[in-house]
Amino acid sequence: MAQAIIVPDDLWEDDDAEGVITAWLIDDNSEVQSGQLVADVMVEKIQYEIHSPFSGKISITSHEEEVVTKGCTIAEVS
């Protein structure tokens, strides 16, 4: 069963704030390890690193330069 990689809720305080995926640091359908750095997200002019909480094959569901909100799924690992 696939498990979601989400944009963490604690990256910003405003409920309606948005961020942008600035870079994927891995390729779609590649193997990732738990804790591996997989993406960069820009929120309110601050760059954040997103790490995979799971090991397995990643399926990217949000693309670079896509606007994201806190708690949204950006990839799945199965």
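Heavy atoms only, all atoms of each residue included: I50 and L37 are closest at O-CD1, 3.6 Å. S59 approaches D28 most closely through the heavy-atom pair CA-OD1, 3.3 Å. Across E66 and T61, no two heavy atoms sit closer than the pair OE1-O, 4.5 Å. Nearest heavy atoms, D27 versus S30: O-OG, 2.6 Å. Closest non-hydrogen pair, N29 versus K57, comes out as O-CE, 3.3 Å. Between W24 and S62, the closest heavy-atom pair is NE1-O, 2.9 Å.
Put simply, the side chain of T22 never gets that close to the backbone of M42: no donor and acceptor are under 3.5 Å apart.
Side-chain contact between I6 and C72 is absent, with no heavy atoms from C-beta onward closer than 4.5 Å. Between I21 and V7, the closest side-chain pair of non-hydrogen atoms is not below 4.5 Å.
Annotation: the span from S78 atom OG to Q3 atom CD amounts to 9.5 Å, rounded to 0.5 Å. Taken to the nearest 0.5 Å, the CG atom of D10 stands 9.0 Å off from the NZ atom of K70. Separation of atoms CD (E76) and CD1 (I58) is listed at 10.0 Å; rounding is to 0.5 Å.
Taking S34 as the reference, S55 meet the side-chain contact (heavy atoms from CB on, under 4.5 Å) condition, with sequence neighbours excluded.
Criterion: ILVMFWY side-chain heavy atoms under 4.5 Å apart, direct or through other members. Under it, I46 and V41 are part of a common hydrophobic cluster.
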Between S52 and V77, does a side-chain contact (heavy atoms from CB on, under 4.5 Å) hold up when you go through it step by step? CA-CA 8 Å; S52 176; V77 177; 3.9 Å; yes
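Considering V32, I74, L25 in turn, V32 is the only one that fulfils the side-chain contact (heavy atoms from CB on, under 4.5 Å) rule with V38.
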